S.K.: 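Pasting a structure here, questions to come.
Just so it is clear, the structure is predicted and the values come from calculations on it, not from any experiment. Throughout, a chain's letter reflects where its sequence line sits, starting with A, and its residues are numbered from 1.
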Amino acid sequence: MDYLQGLNEPQLEAVTTIEGPLMVLAGAGSGKTRVLTMRIAHLITNLIDPFHILALTFTNKAAKEMKDRVAKVVGQSEAKSLWMGTFHSVFARILRSEAHYIGFPSNFTIYDSQDSVNVLKKVIKELNIDGDLYKAKKVLGRISQYKNNLITVKAYFNNPELIENDERANQKHIGLIYQKYVEACFKNGAMDFDDLLLRTNELLTRFPEVLAKYQDRFRYILVDEYQDTNHSQYLIVKALASKFENICVVGDDAQSIYSFRGANILNILNFKKDYPDAVTVSLEQNYRSTQNIVNAANVVIGKNLQQFKKNVFSENEVGEKIKVYRSLSDADEAAFVASNIWQLHNSEQMNFDQFAILYRTNSQTRAFEDSLRKKNIPYRVYGGLSFYQRKEVKDLVAYLRLLVNENDAEALFRVINFPARGIGESTQNKLIVFADSQNITVSQVLGNLGQFAPTLQLNNGIITKLADFWAMIKAFQVMLKDENAYTVAMEVAKRSGLIKTLKDDQTPEGISRVENIQELMNSMQGFIDEQQQVEDGDSSLSNFLENIALSADTQKDKKDDNTPKVSLMTIHLSKGLEFPVVHLVGLEENLFPSFMSSSTREELEEERRLFYVALTRAEKRAFFSYAISRFQWGKITDAEPSRFLSEVDSEYLELINPALESRFMNHSGLKSNIFDEAPMGETRFFKKKEPKKSLERDEPTIIPKNLKPVATAKIINPSGSSSQDIEVGDRVRHDRFGVGEVQFLDGTDPNNIKAKVIFQHEGEKNLILKFAKLTKI
DNA sequence: CACACATCGCTTTTT
DNA sequence: GCGATGTGTG
């Protein structure tokens, strides 16, 4: 039992309490993952067949990590029959084997949100409903809400309150759209993400024998991040656990940050009500962070009313105070962060992967990318567009999806005319209308063109094109019977003309698209290899498709060299991670807390939990920063410090640019010379800036408050007629070199100002502005 | 059908 | 400011 060594008392209790309901409240950094894995190991060591254990997580990453760690303790072979995965993947697997109960094919397609939006757009159009009033994305959000709360179409129409609600919101057609959307998905043999949960509920409630089967199988259930479960997930877990009640949920109500997508914090807050006999264990010792960080985080989260009272503490060193930096602009903030990282890297030999920059919104990324690039600091941006959401990748995947499930009309119409083969919109519409009138699917029409051609009212040329297209798809399907998925996919990429079309585009973007296709092929090969190595692996195309549908792998395309890099991500993405040094940036009202989430107490409490999550990522040092003005939506907007800053007791904070403070507080306007005297804490945190020979120096005018502080010169456009102000940091276009960014400006003589510009593709150039004909963009 | 131009809308997003 | 989406024109 050496795996029990080194656990503290509550951890030990959580691991060894095997029977009955158990709730583990795991404060930030308290060793939650360790407890979960040791608990599973302990179950197996106590001769509980792994076959009877189900462990549910929210991310693939968490599932994989836990599985690896369990395997290390109990051995690969023991760990294998364990069911461990995300809610969605586990239930997708169950649904595939039981699909016939609820009228779905077992090879149903899984739609991602983009697919769902596309289907909804078509539904809205078909219903002749004003698309301006019903934005597909918004409507999907609504439908998702309903599904997550188990409000089916039928339940919706039986609930006058809901209908009235939507009517009052001027959305009276929501019910109808919802209905048509569900019908469309059913016809396509497709489920969206929410369906994977909703349909599982349907399966378990409508068919007691199915429920009994899985209840008997899953005798020991563990749920990670329980505070993030939605109602639908809650009901499934409850139903499955109701026979044996060996259910262990682990979570931290203080870290519930996904209510905007249906997570219901009440699930964890009410666990005791559901299971009155439940044992509760609180893990309160934080092993991650300094006392200062833990205490500061505690003070802030303590302002929330809705929470379990916990006493999270640290016995690590007290640590440094949290440094607060007030900056003039987003660019200034970014420059500070980059300099600070650079300095710590040099003075304390810290690797770049020990730093994280956390922000509230993805749009804040850019300024930091710029500032890090200027200092040649390697970084990696997490999140953003997932690899599998790229258009070119989706296109090839759509072909493959069509091979597996030819009823998938969404996939069909995505590829029927891409690459262009003369099957235009009107032809497509005719196909849809005709298929609807005959009450069959479009694939059935295409499969029996000989029979339907006379009634289709299409000319022979088009009929031939349709026939050719369908013959191609059919040929791929035949091929799939003998060849492996990779070979078929390669053939699809070539024969469909996809690769050729992409290769015709020799722009950098076009080249990267081809690379993405190659990367998709590589990942497919990797998947097949992997599956063939494990016993009863499934290297089929449909399994590959399911895998990518349920994984938001954003980094597939990044060649992973092993250079340590600074991590840039949203706070949401940082949950579960830890970094020695954390920069929490953009601490401004309306940004964090977000202006969208400042109206109700519930929303604000979630933002505060988000703040808590962000701060507790830090192990040794935390830096806060905010800007008094920033670019937002193309405009410079004034900003006020976030309320969260004032919620941290000042004993934990240290302002690091008081010089600026006093200067800036007097509102007499900024004199130009303020820039000459290192007002931004420069003496301490900035390497000396490039010398600036500003024209403003000779003009004792009041500089507008919102002028970017890094501005070094104004120049007159050489054309003479128009004059433009160009500043450091501006993006410019050059006839020959393309798009670039001004690095610095030099020179006092207006006729002889030089600009150093780094162009996206051409690299660094020194230009004399008078001749360079730059345009600001 | 391709391209150019206009318009919108814009938090977070494990699946 | 920017990218996705939609509309119009040749």
S.K.: Can you pull every protein N or O that's under 3.5 Å from an N or O on nucleotides 1-5 of chain B?
M.R.:
from	atom 1	to	atom 2	distance (Å)
B:dC1	OP1	A:Asn417	ND2	3.4
B:dC1	OP1	A:Gly422	N	3.3
B:dC1	OP2	A:Asn417	ND2	3.2

S.K.: What is the distance from NE2 of A:His88 to C1' of B:dT14, rounded to the nearest Å?
M.R.: 9 Å
S.K.: Please identify each residue that fulfils ring-ring contact (aromatic ring centres under 6.0 Å, His included) with A:His231, with sequence neighbours left out.
M.R.: A:Tyr234
S.K.: According to salt bridge (charged side-chain N to carboxylate O under 4.0 Å, His left out), does anything in residues 568-577 of chain A pair up with another residue at least two apart or in another chain? List the pairs.
M.R.: A:Glu225-A:Lys575, A:Asp228-A:Lys575
S.K.: Strictly by ring-ring contact (aromatic ring centres under 6.0 Å, His included), give each pair with a member in residues 109-128 of chain A just once, sequence neighbours left out.
M.R.: none
S.K.: Once side chain to side chain donor-acceptor pair (under 3.5 Å) is applied, do any residues pair with A:Asn543, and if so which ones, sequence neighbours excluded?
M.R.: none
S.K.: Scan residues 592-602 of chain A for pairs that pass salt bridge (charged side-chain N to carboxylate O under 4.0 Å, His left out), counting only residues two or more places apart or in two chains.
M.R.: A:Arg601-A:Glu605
S.K.: So do the side chains of A:Arg360 and A:Leu587 get within less than 4.5 Å of each other, counting heavy atoms only?
M.R.: no
S.K.: Take atom CD of A:Glu225 and atom P of B:dT15, then tell me their distance rounded to the nearest Å.
M.R.: 12 Å
S.K.: Once you round it to whole Å, what is the distance between C1' of B:dT14 and CD of A:Gln389?
M.R.: 13 Å
S.K.: Can you name the salt bridge (Lys or Arg N to Asp or Glu O under 4.0 Å) partners of A:Arg630, sequence neighbours left out?
M.R.: A:Glu333, A:Glu588
S.K.: With a 4.0 Å cutoff (strictly under), does any side-chain N or O of A:Asn60 reach OP1 or OP2 of B:dT14?
M.R.: no
S.K.: For B:dT11, is chi within 90° of 0 (syn) or not (anti)?
M.R.: syn
S.K.: If I take atom CD1 in residue A:Ile636 and atom P in nucleotide C:dG1, what distance separates them, rounded to the nearest angstrom?
M.R.: 9 Å
S.K.: Take atom NZ of A:Lys125 and atom C1' of C:dT5, then tell me their distance rounded to the nearest Å.
M.R.: 11 Å
S.K.: Could you write out each protein N or O paired with an N or O of nucleotides 6-12 of chain B at a distance under 3.5 Å?
M.R.:
from	atom 1	to	atom 2	distance (Å)
B:dG9	OP1	A:Lys135	NZ	2.9
B:dT12	OP1	A:Asn362	N	2.9
B:dT12	O4'	A:Arg360	NH1	2.9
B:dT12	O2	A:Arg360	NH2	2.9

S.K.: I need the CG-P distance between A:Leu95 and B:dT15, as an integer number of Å.
M.R.: 18 Å
S.K.: Tell me, please, which residues at least two apart from A:Tyr134 pass ring-ring contact (aromatic ring centres under 6.0 Å, His included).
M.R.: A:His173
S.K.: Apply the test side chain to side chain donor-acceptor pair (under 3.5 Å) to residues A:Ser599 and A:Glu603: give CA-CA distance (whole Å), side-chain angles for both, the deciding distance (0.1 Å), then the verdict.
M.R.: CA-CA 7 Å; A:Ser599 50; A:Glu603 285 173 340; 2.9 Å; yes
S.K.: Who pairs with A:Ser144 by side chain to side chain contact (heavy atoms under 4.5 Å, CB included), at least two apart in sequence or on another chain?
M.R.: A:Asn148, A:Asp194
S.K.: Applying ring-ring contact (aromatic ring centres under 6.0 Å, His included), can you list everything that pairs with A:Phe413, at least two apart in sequence or on another chain?
M.R.: none
S.K.: Could you give the CE-to-C1' distance, from A:Met191 to B:dT15, as a whole number of Å?
M.R.: 15 Å
S.K.: Measure from CD on A:Gln364 to C1' on C:dC2 and round the result to the nearest Å.
M.R.: 16 Å
S.K.: Please give me every residue in residues 109-116 of chain A whose heavy atoms get under 4.0 Å of an atom in DNA chain B, ordered by residue number.
M.R.: none
